[in-house]
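Right, one structure below, let's go through it.
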There are 2 protein chains.
Amino acid sequence: MSGHLDLIDLKIIESLGENGRVRLSELAEVVGLSIPSVSERMDKLQKNGIIKHFTTEVDERQLGFDIQAFVRVGVDSSKHYKSFLEHVMKEDEIMECFSVTGEGSHIMRVMTHNTASLEKFLSRIQSWPGVMSTNTSFVLSQLKKTRKIASDVVRANLQDRQVLLTYDEKKSRR
Amino acid sequence: MSGHLDLIDLKIIESLGENGRVRLSELAEVVGLSIPSVSERMDKLQKNGIIKHFTTEVDERQLGFDIQAFVRVGVDSSKHYKSFLEHVMKEDEIMECFSVTGEGSHIMRVMTHNTASLEKFLSRIQSWPGVMSTNTSFVLSQLKKTRKIASDVVRANLQDRQVLLTYDEKKSRR
DNA sequence: CCTGAAATCATTCTGGA
DNA sequence: TCCAGAATGATTTCAGG
């Protein structure tokens with residue numbers, strides 16, 4: 001597995017979450033290392049898959065996506081799982097799809113232009129083989145969105161699994 | 001309002017979605033403009049709020065968040081909306097919270113360490129004033145996550161509103 | 001993990017279409 | 001109004017220790 005994370009890695013992850021385009025020079029200042037060291041850590045974090053992706057959040061409304069909805073779908077997944085997955089991948093309106101417990105087998109977050117296009121979308125998915133039910137909730141507004149990985153929480157989590165050593169602990173082991 | 005978007009802006013937005021740390025030099029090459037022009041467009045897109053945020057996606061599992069869940073909450077929002085919002089903001093486990101139609105008034109995406117911490121979290125929110133019901137669905141896996149703004153869809157959307165002109169259209173108007 | 005040099009990149013300013 | 005080129009300053013990468 002990925003080796004060990006320390007608090008400096010967590011700070012790097014935290015800063016990158018707040019500003020994915022932060023400069024190495026700034027990161028280096030924040031964590032107290034040289035620029036090449038920070039760069040190396042970033043590479044390693046990507047290679048380990050802890051950093052998955054750099055991206056940019058946009059205002060979808062301004063791009064013409066006025067409707068956002070959660071669609072809960074019940075799929076007879078034993079037989080139709082593969083074709084369901086293929087359909088999900090193909091539909092541009094489906095931004096995310098989760099397999100979940102509870103009523104229905106999947107939750108999809110859907111973004112579309114207007115009620116007409118949503119209606120079309122819904123009738124489309126209802127025609128997929130294995131889809132037994134759908135239940136749609138419109139998003140009226142988003143109250144909260146955070147990418148903040150509370151690093152004290154993470155630290156506690158990882159100490160449980162002994163994946164993490166603090167910087168001081170590492171030092172004293174040498 | 002924000003002025004006009006053209007296909008070059010959409011390409012920029014698309015590229016930044018795929019790689020939030022892409023270099024201006026690369027962007028310039030992709031869209032066929034000079035670096036200063038691309039830089040100017042990016043600034044404008046940020047100023048208009050179309051680009052909201054640069055961020056980094058991480059593998060939360062590797063950071064010790066094994067449990068992800070959707071929690072649907074019914075809140076007596078008329079009286080208790082303000083205190084509900086304050087609680088939502090304070091809880092680090094709540095990554096996102098949406099006001100929605102349908103059963104319950106809100107959907108929250110929650111990330112936490114293990115079932116024990118989820119249980120504590122759930123009993124905490126059930127004690128908030130105005131919270132009448134909760135319904136939790138565990139996330140078993142995420143089948144899809146895309147940031148792809150299909151630019152042909154966007155283009156169609158925006159043409160509806162006449163916000164967008166293609167590059168060629170603009171040229172021929174001069 | 002650091003330093004220091006070399007290469008690359010971003011920004012600003014200026015003028016042109 | 002929007003864009004390109006040149007100069008300056010900042011950043012990143014690479015080598016060696």
Side-chain angles (χ1 to χ4, degrees), chain A residues 2-48 50-51 53-56 62 163-174, chain B residues 1-56 151 155 158-159 161-174:
Chain A
S2 55
H4 291 269
L5 291 177
D6 64 19
L7 291 182
I8 293 181
D9 292 315
L10 292 186
K11 271 192 202 164
I12 290 172
I13 290 167
E14 212 173 14
S15 294
L16 284 169
E18 284 166 21
N19 176 12
R21 278 181 85 87
V22 63
R23 306 259 179 225
L24 291 182
S25 51
E26 197 183 324
L27 269 181
E29 177 129 6
V30 169
V31 306
L33 290 183
S34 69
I35 290 172
S37 302
V38 172
S39 176
E40 200 179 314
R41 277 167 181 262
M42 266 182 65
D43 290 345
K44 212 171 282 177
L45 288 168
Q46 284 184 264
K47 225 188 63 202
N48 291 342
I50 293 172
I51 290 178
H53 200 80
F54 300 108
T55 190
T56 304
Q62 287 199 56
V163 169
L164 177 144
L165 296 174
T166 67
Y167 190 55
D168 289 340
E169 282 161 359
K170 264 171 107 174
K171 260 185 171 161
S172 61
R173 288 213 178 178
R174 295 211 184 130
Chain B
M1 201 196 116
S2 53
H4 293 267
L5 290 176
D6 63 19
L7 290 182
I8 293 180
D9 292 315
L10 291 186
K11 271 192 202 161
I12 291 173
I13 290 167
E14 215 171 11
S15 294
L16 284 169
E18 284 164 22
N19 175 11
R21 277 182 87 86
V22 61
R23 304 256 178 225
L24 290 184
S25 51
E26 196 183 326
L27 268 181
E29 177 128 6
V30 169
V31 306
L33 289 182
S34 67
I35 291 173
S37 301
V38 172
S39 174
E40 202 179 310
R41 278 167 182 264
M42 266 184 65
D43 290 346
K44 213 172 282 177
L45 287 168
Q46 285 184 263
K47 226 189 63 202
N48 291 342
I50 292 173
I51 290 177
K52 289 194 297 189
H53 200 80
F54 301 108
T55 189
T56 303
S151 63
R155 196 184 167 187
L158 297 183
Q159 270 171 347
R161 332 177 144 184
Q162 303 180 313
V163 170
L164 176 142
L165 296 174
T166 68
Y167 190 55
D168 289 340
E169 282 161 359
K170 266 170 106 174
K171 261 185 173 163
S172 62
R173 288 213 179 179
R174 294 212 181 133

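Residue numbers begin at 1 in each chain, while the letters A, B, ... track the order of the sequences. Note that the structure is a prediction, hence the values are computed from the model and not measured.
B:S39 is linked by a side chain to side chain donor-acceptor pair (under 3.5 Å) to nothing, counting only residues two or more places apart in sequence or in another chain.
Judged by distance alone, with hydrogens and angles left aside, the side-chain atoms of A:N48 form no donor-acceptor pair with the main-chain N or O of A:I50 at under 3.5 Å.
When the side-chain nitrogen and oxygen atoms of B:R41 are compared with OP1 and OP2 of D:dC2, none of them lie within a distance under 4.0 Å. Between A:S39 and D:dT12 there is no side-chain N or O to OP1 or OP2 distance below 4.0 Å. Note on B:S37: a side-chain N or O is less than 4.0 Å away from OP1 or OP2 of D:dA4.
In this structure, the CG atom of B:D43 is 13 Å from the P atom of C:dC13, given to the nearest Å.
Applying the side-chain hydrogen bond (donor to acceptor under 3.5 Å, both in side chains) test to pairs two or more places apart or on separate chains, none has a residue in residues 11-20 of chain A.
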Write down the protein N/O and nucleotide N/O pairs, taken from nucleotides 4-7 of chain C, whose separation is under 3.5 Å; answer none if there are no such pairs.
none

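For B:I35 and A:G32, each mapped to the nucleotide of DNA chain C holding its nearest heavy atom, the one lying further toward the 5' end belongs to A:G32.
With D:dC2, C:dC1, D:dT13 as the candidates, the nucleotide lying closest to the side chain of B:K44 is D:dC2. Of the candidates D:dT13, C:dC1, D:dC3, the closest approach to any side-chain atom of A:E40 belongs to C:dC1. Of the candidate nucleotides C:dT11, C:dC1, D:dA4, D:dA4 has the atom nearest to the side chain of B:L33.
For the helix from C:dC1-D:dG17 to C:dA17-D:dT1, the end axes, each set by the C1' atoms of five terminal pairs, are bent relative to each other by 40° (nearest 10°).
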Distance-only criterion, 3.5 Å: show the donor-acceptor pairs between side-chain atoms of residues 22-29 of chain B and protein atoms not counting sequence neighbours.
none

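Residues from residues 15-27 of chain B that place a heavy atom under 4.0 Å from any atom of DNA chain C, listed by number: B:R23, B:L24, B:S25.
Distance CE/B:M42 to NZ/B:K47: 14.5 Å, rounded to 0.5 Å.
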